[in-house]
Amino acid sequence: MPIVVEKLSYTYMQNTANAHTALDDISFTVGDSEFIGLIGHTGSGKSTLIQQLNGLMQPTSGRVLVDGYDMNDKKQRAKGRALIGMAFQYPDYQLFDSTVFADVSFGPRNMKLDEAEVKRLAAEALELVGLDPAEMMEKSPFELSGGQKRRAALAGIIAMRPKYLVLDEPMAGLDPGGRRDVLELIARLRAELGCAVIMVSHSMDDIARSAERIIVLNNGRIRMIGTPEQVFADTAELTEIGLDVPKPMQLAAMLKQRGAAVPDGLYTEESFIEWLGRAVKHA
Amino acid sequence: MLNDITLGQYLPGNSAVHRLDPRTKILLMIAYIVAIFLVEKMPAFIIIAAFILAVTLTARIPLNYLLKALKPLRFILPLMFLFNLLLVRKGNLLVDWWIIKIYDEGIKNAFFIVLRLSTLVVGTSLLTLTTTPIALTDGLEKLMAPLKLIKFPVHELAMMMTIALRFIPTLIEEADKIQKAQLARGADFESGNVIKRAKAMLPVLIPLIVNSFRHAGELAMAMESRCYHGGEGRTRMRVLKLQWGDLAAALITGALIAAILLSQRFLF
């Protein structure tokens, strides 16, 4: 069963002079094990929207159904929330326990599983993100490097075995190498656990590389929704709301201007390089 | 979740009261407190009330803010009133019923203490309502400058206060995010007894404290890399300068004290 968002609207500080509509009539569904990229300018409502998904915020009107659980209902919300793993921008917002292992166990323990099961899930999660469970029994989360912290924080989420993984700019503040590592990690987690991923990102390239479907938010409304081909085909529309297209497409457009016959839809580095290889060979 | 906490109660404005030098306002507030303690006869509170009203109207502060200032006293005021009413055993006995004995001095004392406390709190709240926290620290730093002679770290203290104020909104925002991150991992802050709930706050408090140390380190680095080396020889962006308004305010407050003293002597 999917996540269904129905006519969701949200207004900050409703009924005051400072009322501000952050989300306006949003509807979409997230299918099982689908990878959705959520893009939009700063202030477009991305963060507000993903907090609605697991009931951290409640809509002013409309509703969110997670596998049929209505997130407006307090009792059903807890059940729906257990299905959604949510990772925030910075791992520092999450890590607290004396050892990394204990920290990763926090989620499963809150699910009231027995101790052996908690340990098993934590160890598995650590292994999945590429950290050694035995070593992490002794290490404090505050001794980890930046990249390791991010992995530990992700482990803390996937230890709960979420059916949906919601990621708020998981690559914020990382260099290109770090970004690629995290992206690969997310792809691997999705393959191993079969979970759906909803990822917010500023980087069109990261989204182009991973997402199966893209939702473009602008001023709290869905401006575009579709496959990367469909969304990135409309460069004019994206530029109008202040978003870029992926770098390979920018390069393709420049080449086209100079008279090169570049096909449409080369929005990832890989496809661009492949085309370039063929083109050079033929030339 | 935490965004309904209001810190500092500064109400932006550009009235004559807002424009006063913070040093003047701090000193006049002290004079005002002295004035309140000079009041010995009940009717003199009318003069104090008139003064408060005049300042509030000049500063264009809605009158209900004065009531808000009294809110923290909503338990202590009735308690003080009752204590004085029931425990003062002086003057003429008015009511004698069971263990309750009320004397006329007690009634007088009860009203007196309530009036004194409320005028004290309401009057001083006018200072924080019309002065930004930063201006207040600036003013305090200047006023305490003579303490440097006895090696009291005035500048450092003021800088610490400024930084602390600057970081309050940041920390609130962070606390909110951390709380959400832990909620998303199934943390439960709302059920259980007091001890259980306090324990449930640990996953929020620890990252918050760790992060604030990190902020402190980063800020120190940023300040040093811009050559901050303490208060020695440092110039200011906003130079405090006394104006005619400050003199007027001082005269008006002086008149308040004189009015209280004279009226108690000759009028009431």
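Below, read A as the first sequence line, B as the second, and so on, with proteins coming before strands; counting in each chain starts at 1. Model, not experiment: these values are computed from the prediction.
- No more than 12 heavy-atom neighbours from other residues, nucleotides or ligands sit within 6.0 angstrom of CZ on R60(B).
- Taking CZ of R109(A) as the start and CZ of R185(B) as the end, the distance is 11.0 Å to the nearest 0.5 Å.
- In terms of heavy-atom proximity, M86(A) sits nearest to A184(B) at CB-CB, 3.9 Å.
- By the neighbour-count criterion of 12 heavy atoms within 6.0 Å, atom CD of E156(B) is densely surrounded, having more than that number from other residues, nucleotides or ligands.
- Contacts of residues 89-96 of chain A with chain B at a heavy-atom distance below 4.5 Å involve D92(A), Y93(A), Q94(A), L95(A), F96(A), listed in sequence order.
- Contacts with chain B were tallied for D103(A), V166(A), N54(A), I157(A); D103(A) has the most, counting heavy-atom pairs under 4.5 Å.
- Counting heavy atoms of neighbouring residues, nucleotides and ligands inside a 6.0 Å radius, atom CZ of R226(B) does not exceed 12 of them.
- Counting non-hydrogen atoms of other residues, nucleotides and ligands closer than 6.0 Å to CD1 of I195(B) gives a total of 12 or fewer.
- Here L202(B) contributes atom CG and F106(A) contributes atom CZ; the two are 9.5 Å apart, rounded to the nearest 0.5 Å.
- In the displayed structure, L11(B) atom CG is contacted under 6.0 Å by more than 12 heavy atoms of other residues, nucleotides or ligands.
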Using the side-chain contact (heavy atoms from CB on, under 4.5 Å) rule, take L183(B) and R81(A) through it: C-alpha gap first, then chi angles, then the decisive distance, then the call.
CA-CA 9 Å; L183(B) 270 175; R81(A) 198 178 273 170; 3.9 Å; yes
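- Most heavy-atom pairs under 4.5 Å with chain B: of the set G107(A), A82(A), G55(A), this distinction falls to G107(A).
- The stretch residues 32-46 of chain A places none of its residues near chain B, where near means some heavy atom under 4.5 Å from a heavy atom of that chain.
- Distance check, rounded to the nearest 0.5 Å: NZ of K177(B) to CZ of F88(A) gives 8.5 Å.
- Residues passing the ring pair (Phe, Tyr, Trp, His ring centres under 6.0 Å) test with F167(B) are H215(B), sequence neighbours excluded.
- Partners of Y10(A) by ring pair (Phe, Tyr, Trp, His ring centres under 6.0 Å), not counting sequence neighbours, listed by chain and number: Y12(A).
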